[in-house]
Amino acid sequence: MNPLGPVMLDVVGTTLDQADTARIAHRLTGGVILFARNFQDRAQLLALTSAIRAVRADVIIAVDHEGGRVQRFRTDGFTRLPAMGRLGQLWDSDVLQATRMATATGYVLAAELRACGVDLSFTPVLDLDYGESTVIGDRAFHRDPRVVTLLAKSLNHGLALAGMANCGKHFPGHGFVAADSHVAIPVDERELEQILGQDATPYDWLGMSLAAVMPAHVIYPKVDAQPAGFSRKWLSMLRQRFAFQGVIFSDDLSMHGASVAGGALDAARAALDAGCDVALICNSPHKADQILAGLDDAIDAASAARLAALKPGAAALDWDALQREPRYQAARALVSSL
């Protein structure tokens with residue numbers, strides 16, 4: 001089996017066309033990310049993930065499926081998951097119930113996705129809720145990094161019970177700045193000590209329990225002139241100071257926050273050169289083609305091994321079997337009560 005490449009890209013619609021198939025088959029492709037446009041119903045989603053696997057059996061299939069307003073699949077049996085901020089509110093009144101609810105949420109999230117052939121959700125959000133960021137907002141658990149850490153740890157436990165890895169985002173923290181990196185280039189003017197003492201602490205405290213991390217398209221000029229995802233300083237800090245051993249995914253290189261690195265190919269090269277294992281490109285098939293055609297054909301063996309380790313180790317329950325599982329039934333009832 002060929003090693004997984006350093007590019008994660010998307011597909012256009014609800015089925016694969018010839019161009020999708022060619023991109024997935026490319027030796028530099030290591031993952032496919034799905035969006036709401038790729039979903040009609042569960043049967044179609046399972047057919048799509050099966051078709052992707054027919055092209056590349058080993059490829060990582062991922063989705064942004066956090067809960068609240070960031071949940072790509074919401075109908076045909078998928079449980080409506082709470083925003084993580086709701087779990088933080090619950091923590092303020094009942095700590096133990098909040099951690100129980102977080103574990104149940106992680107389990108339901110992962111079990112439902114895995115029953116449809118999805119390997120990974122880009123969750124949890126580890127940003128702090130300063131009340132400033134509209135793009136983060138209630139995607140964050142809480143303002144207190146200790147609460148964020150413990151709720152994320154409980155959510156990650158639920159993911160793991162269903163055989164799914166996790167991805168903490170957006171390192172070292174996106175919650176302090178108001179600008180949305182999808183449409184702007186956010187700048188956080190704080191000193192390194194402030195960021196490390198607050199926003200980045202969940203990455204330290206979660207330690208080896210984080211399987212993957214996604215850095216922010218935010219510039220922290222007191223540390224580096226480049227956004228974190230293109231900064232060797234920040235990504236070296238993640239590897240060395242926090243001893244992180246998992247996968248580093250770039251955030252979407254089609255976002256405006258990535259434009260400081262130049263065009264799509266330049267941005268992919270900059271992200272990989274800075275220390276990302278995977279360059280993520282979404283919503284731009286022509287840019288994905290440019291990246292696949294322009295990147296060096298060599299595949300970093302360490303990055304490929306880290307990415308392959310995100311694959312679930314055991315087979316998932318199918319949807320019907322999942323509905324009969326007592327643990328899932330209990331977790332779904334709990335999540336639906338919030």
Please tell me whether [X] and [Y] form a close aromatic pair, meaning their ring centres lie under 6.0 Å apart.
X	Y	answer
F249	F122	yes
H157	Y107	no
F244	F171	no
W205	F242	no
F141	W91	no

If we ignore hydrogens and angles and just use 3.5 Å, is the side chain of [X] paired with the main-chain N or O of [Y] as donor and acceptor?
X	Y	result
R42	T75	no
S336	R332	yes
S154	L150	yes
R190	Y220	no
Q71	F73	yes
S121	H65	yes
Q97	D94	no
Q290	G263	no
S133	D129	no
S209	L206	yes

Does a side chain donor of either [X] or [Y] reach within less than 3.5 Å of an acceptor in the other side chain?
X	Y	answer
Y328	E112	yes
H174	D199	no
R23	Q18	no

Is it true that, when you exclude [X] itself, more than 12 heavy atoms of the residues, nucleotides or ligands shown sit nearer than 6.0 Å to its [atom1]?
X	atom1	answer
R37	CZ	yes
R27	CZ	yes
R100	CZ	no

Roughly how far apart are [X] [atom1] and [Y] [atom2], rounded to 0.5 Å?
X	Y	atom1	atom2	value
I195	L128	CD1	CG	11.0 Å
D224	I219	CG	CD1	9.0 Å
I33	D252	CD1	CG	7.5 Å
I248	L307	CD1	CG	12.5 Å
K233	Q226	NZ	CD	10.5 Å

*Hey, which of L155, T149, L151 is the one that makes side chain to side chain contact (heavy atoms under 4.5 Å, CB included) with P124?*
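Filter result, single survivor: L155.
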
*asked:* Given K169, which partner from the list V125, D127, I136 fulfils the side chain to side chain contact (heavy atoms under 4.5 Å, CB included) test?
replied: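 Checked V125, D127, I136 against K169; only one passes side chain to side chain contact (heavy atoms under 4.5 Å, CB included): V125.
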
*Is there a chain of hydrophobic side chains (I, L, V, M, F, W, Y, each step under 4.5 Å between heavy atoms) that links L159 to L81?*
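As far as the 4.5 Å side-chain criterion goes, L81 and L159 are connected within one cluster.
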
*Would you say L322 and L161 are hydrophobically clustered, going by side-chain heavy atoms of ILVMFWY under 4.5 Å?*
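The answer is yes; both residues are in one hydrophobic cluster.
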
Give me the atom names and distance for the closest heavy-atom approach of [X] to [Y].
X	Y	answer
F230	A271	CD2-N, 3.6 Å
I60	M8	O-CE, 4.0 Å
T105	P82	OG1-CG, 4.0 Å
M84	E66	CE-O, 3.3 Å
A110	A162	CB-CB, 3.6 Å
D251	H170	OD2-CD2, 3.7 Å

Is [Y] close to [X] at the side-chain level, that is, under 4.5 Å between some pair of heavy atoms?
X	Y	value
I299	N2	no
L16	V55	yes
T123	N166	no
D266	R269	yes
H142	L87	no
C116	W319	yes
Q40	D76	no
D10	V32	no

*Using a strict cut-off of less than 4.0 Å between a Lys/Arg side-chain nitrogen and an Asp/Glu carboxylate oxygen, indicate whether D277 and R306 qualify as a salt bridge.*
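So D277 pairs with R306 through a salt bridge.
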
*Taking 4.0 angstrom as the limit, do D119 and R114 come out as a salt bridge?*
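Answer for the salt bridge query: no.
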
*Quick one: sort the Y130 and F176 rings into parallel, tilted or perpendicular, breaks at 30° and 60°.*
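Judged by the thresholds at 30° and 60°, the geometry between Y130 and F176 is perpendicular.
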
*Residue of the set R86, Q89, R69 for which side-chain hydrogen bond (donor to acceptor under 3.5 Å, both in side chains) holds with D138*: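 Option passing the side-chain hydrogen bond (donor to acceptor under 3.5 Å, both in side chains) with D138: R69.
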
*Evaluate the criterion side chain to side chain contact (heavy atoms under 4.5 Å, CB included) for residue pair L292 and L9; output intermediate values, then yes/no.*
CA-CA 10 Å; L292 292 175; L9 44 76; 3.8 Å; yes

*Could you go through the salt bridge (Lys or Arg N to Asp or Glu O under 4.0 Å) check for D58 and K311 one step at a time?*
CA-CA 8 Å; D58 55 342; K311 288 284 287 185; over 6 Å; no

